[in-house]
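What follows is a set of notes on a single structure, which appears directly below.
Position 1 is the first residue of the sequence, and the numbers go up from there.
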Amino acid sequence: MSIILFTFLLLFGAYCAGLLGSLTGLGGGVIVIPLLTLAFGIDFHYAIGAALVASIATSSGSASAYVKEGLTNIRLGMFLEIATSAGAVLGAAAALWMPTNAIAIIFGAVLLLTVAMQFRQKTDYIGVKGSSLAKKLKLFGSYPTKDGTVQSYELTNVSGGFSVMVLAGALSGLLGIGSGVLKVLAMDSCMKVPFKVSTTTSNFMIGVTAVTSAVVYLQRGYIEPGIAFPIMVGVLAGAMSGAKLLKHLDVRVLRKIFAVAILLVALNMIYNGIIGKF
């Protein structure tokens, strides 16, 4: 295969990954790594490096829009980034010596969790009594609603959410994905943050976590420009297209179909990891 054809296929595959990831809310990284490892036979470490670069680009683009709309709790995000960044460094360091077959099995397990979270009941917590620690750290906030009013909220269990964020960061560094599903779980289930705020704040955090992990991969030479650049451009273009289509499409059926596809990919990754294919 020529370099030009290889680059074109990477661009096209990454565009589709970004498009579907944007429409379904799963993110392009969930699709990029199976695409690179299963379809192109690229080493897991190089696939993770490319996915991290793509996560930085897409998170930076979408996060700015959410911040402008007032949905993101920046103070909460920066506080929890202490945990995710520490976890990301540990996860990235572990990924460099961990067998790729083990990484594939863990990746498949996280995909299964991601699929399960797609069918989870979304809750906007109202009237939550905030904890004294959250109040001292000034983590309470507000967000605009559809009717033009501003909804204030409080949050609780800061230590529990902080602990889950360490695990989310570690998985991000280990697998090269944003681990947004765990970030949302920490803020939504542990800290009782309204769903809109938890998802947008998670998106804001993904780019920072990915940068921390990417530094480790860059130092070890696992970010290959010939792979990372087409993936970054393709995923970013696909995510922008998905954001425009999202306003005109009913994606509920698409999300269910895509969840089944991700489930099959997860089982395939776990199976190939167990038989030692990677």
Side-chain angles (χ1 to χ4, degrees), residues 6-66 84-85 88 91-92 95 103-104 107 110-111 114 168-169 171-183 199-200 202-246 258 261-262 265 269:
F6 177 71
T7 303
F8 174 78
L9 291 175
L10 282 181
L11 275 169
F12 178 73
Y15 177 84
C16 294
L19 178 65
L20 291 173
S22 177
L23 290 175
T24 57
L26 292 175
V30 171
I31 314 164
V32 164
I33 292 181
L35 172 71
L36 293 177
T37 55
L38 296 177
F40 290 97
I42 294 173
D43 181 83
F44 231 104
H45 294 110
Y46 288 99
I48 292 174
L52 286 171
V53 172
S55 295
I56 296 169
T58 52
S59 173
S60 301
S62 58
S64 60
Y66 293 134
T84 57
S85 295
I103 297 176
F107 185 85
V110 172
L111 286 185
T114 302
L171 288 176
S172 177
L174 180 66
L175 304 176
I177 57 178
S179 296
V181 60
L182 280 177
K183 290 184 174 75
T199 51
T200 54
S202 168
N203 193 280
F204 169 77
M205 296 171 61
I206 284 173
V208 182
T209 308
V211 168
T212 308
S213 308
V215 170
V216 179
Y217 282 87
L218 184 63
Q219 289 176 335
R220 296 300 180 95
Y222 284 123
I223 296 182
E224 172 58 48
I227 299 173
F229 183 72
I231 292 296
M232 179 188 70
V233 173
V235 169
L236 187 57
M240 292 173 65
S241 299
K244 293 179 180 178
L245 288 174
L246 195 60
F258 194 56
I262 290 295
V265 171
M269 294 288 282

Trace of the side chain to side chain contact (heavy atoms under 4.5 Å, CB included) decision for Glu224 with Ile42:
CA-CA 11 Å; Glu224 172 58 48; Ile42 294 173; over 6 Å; no
Smallest heavy-atom separation, Ile103 atom then Leu174 atom, equals CG2-O, 4.0 Å
Are any non-hydrogen side-chain atoms of Phe40 and Leu10 less than 4.5 angstrom apart?
yes
Do the two ring centres, one from Tyr46 and one from Tyr217, sit under 6.0 Å apart?
no
Residues Leu35 and Ala14: closest non-hydrogen pair is CD2-N, 4.0 Å
Exercise: identify the closest heavy-atom pair between Pro225 and Pro230:
O-CD, 3.6 Å
Please report the shortest heavy-atom distance between Ala50 and Ala228, naming the atom on each side.
CB-CA, 3.9 Å
From CD1 (Ile231) to OG1 (Thr7), nearest 0.5 Å:
10.0 Å
Do you know the tightest heavy-atom contact between Tyr15 and Ser241?
OH-OG, 3.0 Å
Looking at Leu218, Val215, Leu52, which hits side-chain contact (heavy atoms from CB on, under 4.5 Å) with Ile223?
Leu218
Whether the side chain of His45 engages the backbone of Ala95 through a donor-acceptor N/O pair (distance < 3.5 Å, no angle test) should be reported.
yes
Ala92 and Ser213: which non-hydrogen atoms are nearest, and at how many Å?
CB-O, 4.0 Å
CG/Leu171 to OG1/Thr84 distance, rounded to the nearest 0.5 angstrom?
12.0 Å
Could you tell me whether a side-chain N or O of Thr37 sits under 3.5 Å from a main-chain N or O of Ile33, the two making a donor and an acceptor?
yes
To the nearest 0.5 angstrom, please state how far the OG atom of Ser172 sits from the CE atom of Met205.
10.0 Å
When rounded to the nearest 0.5 Å, the distance separating CE of Met232 from CD1 of Ile227 is 14.0 Å
